[in-house]
Amino acid sequence: MKRTALSLITAVIVLGLLLTACGGKPTPPPPQKTEAPSAKETEAPAPAATEAPAGVEPAKEIVLYNWSEYIDPEIYTLFEEEFGIKVVEDNFSSNEEMLAKLQGGATGYALIVPSDYTVGIMIEEGMLAELDHANIPNLANLRDDFKNVPYDPGNKYCVPYQWGTTGIGYLSSEVDEPTSWAVIFEPDPNSPTYGRTTMLDDVREAFAAALVYLGYDINTTDEAQLEEAKQLLIQAKAGLSGYDSDTYEDLVAAGENLMAHGWNGDFLVAQEDNEDVAYTVPQEGGVIWVDNICIPVTTPPDQKLAAEMFIDFLLRPDIGAMLSEYTYYASPNAAAEELLPEDFLSDPAVYPPEEVMSRLQYIEPVGEAEALYQRLWDEVKSAPVP
Ligand code: SPD
């Protein structure tokens with residue numbers, strides 16, 4: 001329902017009609033808790049040449065490797081109509097899946113959409129090309145706080161794409177608002193949500209939920225704390241119908257599941273199918289994240305130029321508004337926010353109020369402990385249901 005209503009606004013934008021400026025403004029920018037880049041990051045392998053060599057023409061086709069349902073396909077049509085460049089999409093379900101594929105040598109993706117902590121890892125590993133800002137004049141439209149994110153100061157490698165939070169979605173007609181992560185980690189066989197709940201199939205998100213419930217830092221590298229979180233995740237399996245990062249919101253909207261660990265915008269889009277879908281951040285807290293659009297260092301110059309043109313296109317006010325209208329995630333683009341309706345900007349599930357903000361943490365790179373997280377997650381996944 002929300003997307004339908006917002007699409008009407010998109011049509012107005014596309015027709016070039018003047019929208020009344022929004023009176024309301026979103027809450028202040030999300031606090032950035034990640035550290036400034038380490039010396040090691042600044043010593044990363046040299047990125048690809050910033051500028052396209054003279055005479056390079058943009059490629060006629062590029063591939064965007066993105067999360068599912070994370071862009072309005074109409075944006076591809078408008079871009080191709082204007083520039084004659086086709087954007088083909090492939091999807092991943094987690095940062096780790098995308099990262100493993102690229103680390104494994106996959107090429108051909110001119111654009112990727114990693115989250116904040118993964119950008120940090122990719123910069124450190126020399127996997128990202130430096131952006132040629134001369135090809136992205138609409139960078140000026142970014143909100144000031146997104147021009148200088150700690151994991152990529154000055155948008156040297158990436159441009160913030162959308163931002164949001166991780167919490168719990170539920171079917172409000174069937175269950176009360178879950179105020180604590182206990183509903184997932186202390187599964188009650190007598191609860192209607194027992195066996196009708198999913199968790200994200202995502203190592204860092206799953207551990208973040210368990211760690212925040214335990215009262216620990218979601219970026220801990222303490223082995224005892226991580227082992228405790230692992231045991232909690234195994235305990236939760238009794239009440240889960242599975243792990244799912246792609247269709248969980250649809251399963252709640254369809255009433256097949258009643259609750260899911262997931263990302264705010266996905267649940268808000270699912271309200272289009274069932275207005276009883278609701279989203280909350282439990283009292284112990286949750287995750288705040290920023291997804292970013294970046295170019296792999298292996299991208300040839302003609303594709304890199306086309307990719308930068310597409311990034312610039314996304315940063316246009318009307319296209320940035322179309323993006324958030326479709327995803328129902330908050331925009332890092334100040335000019336786009338001017339075109340978004342007041343009910344979007346004032347929706348606390350999209351722009352969390354300060355009280356919720358204070359309970360959110362960013363996932364950060366944990367260096368060598370990444371492998372520990374992965375090993376423990378594999379043990380969770382392979383453990384028998386208790
Ligand atoms: N359907 C698109 C969801 C994108 C969510 N990305 C968030 C990752 C945070 N770790």
Side-chain angles (χ1 to χ4, degrees), residues 37 41-68 70-73 75-116 118-139 142 149 151-162 291-316 319-320 323:
E41 277 175 308
T42 57
E43 289 163 13
T50 312
E51 292 177 31
V56 164
E57 293 293 320
K60 288 287 171 220
E61 183 172 307
I62 52 174
V63 184
L64 166 63
Y65 196 26
N66 198 358
W67 304 81
S68 59
Y70 211 23
I71 190 165
D72 184 344
I75 292 177
Y76 298 141
T77 305
L78 294 173
F79 183 68
E80 187 171 0
E81 278 173 8
E82 187 165 333
F83 295 103
I85 300 171
K86 187 177 171 66
V87 181
V88 178
E89 183 177 332
D90 190 12
N91 296 126
F92 56 83
S93 302
S94 69
N95 284 292
E96 289 68 28
E97 178 188 345
M98 180 274 296
L99 192 56
K101 195 158 183 180
L102 266 66
Q103 284 169 333
T107 54
Y109 297 122
L111 289 162
I112 54 174
V113 187
S115 304
D116 35 40
T118 307
V119 169
I121 294 170
M122 296 183 87
I123 291 174
E124 185 150 330
E125 294 191 11
M127 296 175 72
L128 299 179
E130 232 182 273
L131 300 175
D132 181 354
H133 286 196
N135 294 330
I136 315 175
N138 287 323
L139 266 174
L142 278 180
V149 289
Y151 53 86
D152 178 30
N155 309 116
K156 193 171 171 185
Y157 296 94
C158 299
V159 173
Y161 180 83
Q162 301 275 263
D291 289 337
N292 307 269
I293 190 158
C294 325
I295 301 176
V297 73
T298 50
T299 306
D302 61 334
Q303 289 188 35
K304 181 170 186 279
L305 180 56
E308 286 167 340
M309 290 166 68
F310 188 68
I311 292 174
D312 194 58
F313 191 69
L314 287 178
L315 284 167
R316 287 184 184 179
I319 304 300
L323 184 62

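The structure presented is a predicted model; accordingly, all values stated were derived computationally and were not measured.
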Backbone N or O of [Y] within a donor-acceptor pair of the [X] side chain at under 3.5 Å?
X	Y	answer
Asn138	Asp312	yes
Asp72	Leu323	no
Asp152	Tyr157	yes
Tyr161	Tyr70	yes
Asn292	Pro114	yes
Asn66	Asn91	no

Begin from the C-alpha positions of Glu125 and Gln103 and carry the test side-chain hydrogen bond (donor to acceptor under 3.5 Å, both in side chains) through to its verdict.
-> CA-CA 9 Å; Glu125 294 191 11; Gln103 284 169 333; 2.9 Å; yes
Can you name the salt bridge (Lys or Arg N to Asp or Glu O under 4.0 Å) partners of Glu82, sequence neighbours left out?
-> Arg316
How would you list, by chain and number, every residue that makes a salt bridge (Lys or Arg N to Asp or Glu O under 4.0 Å) with Lys60, sequence neighbours excluded?
->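 Result, salt bridge (Lys or Arg N to Asp or Glu O under 4.0 Å) vs Lys60: none returned.
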How close do [X] and [Y] get, counting heavy atoms only, and between which atoms?
X	Y	value
Lys304	Glu130	NZ-O, 2.9 Å
Ser115	Asp291	OG-OD1, 2.6 Å
Pro137	Ala134	CD-O, 3.9 Å
Ser94	Phe92	O-CD1, 3.3 Å
Tyr109	Pro296	O-CG, 3.1 Å
Leu128	Cys294	CD2-CB, 3.9 Å

Note: Glu97-Lys101 ion pair, threshold 4.0 Å (strictly below) | no
When the aromatic ring centroids of Phe83 and Phe310 are compared, is their separation below 6.0 Å?
-> no
Within a strict 4.5 Å, meaning less than it, do heavy atoms of the [X] and [Y] side chains meet?
X	Y	result
Pro160	Asn155	yes
Met127	Thr298	no
Ile311	Ile295	yes

Tell me, please, which residues at least two apart from Ser68 pass side-chain hydrogen bond (donor to acceptor under 3.5 Å, both in side chains).
-> Asp246
List the steps, then state whether side-chain contact (heavy atoms from CB on, under 4.5 Å) holds for Ile319 with Phe79.
-> CA-CA 10 Å; Ile319 304 300; Phe79 183 68; over 6 Å; no
side-chain contact (heavy atoms from CB on, under 4.5 Å) between Leu305 and Glu57, intermediate numbers included | CA-CA 8 Å; Leu305 180 56; Glu57 293 293 320; over 6 Å; no
Criterion side chain to side chain contact (heavy atoms under 4.5 Å, CB included) against [X], the qualifying member of [options]:
X	options	value
Glu61	Val87, Ile85, Val88	Val88
Ile293	Leu131, Leu64, Ile112	Leu64
Leu314	Leu111, Ile71, Val159, Ile136	Ile71

Checking side-chain hydrogen bond (donor to acceptor under 3.5 Å, both in side chains) for the pair Glu89/Tyr65: CA distance, chi angles, key distance, verdict?
-> CA-CA 6 Å; Glu89 183 177 332; Tyr65 196 26; over 6 Å; no
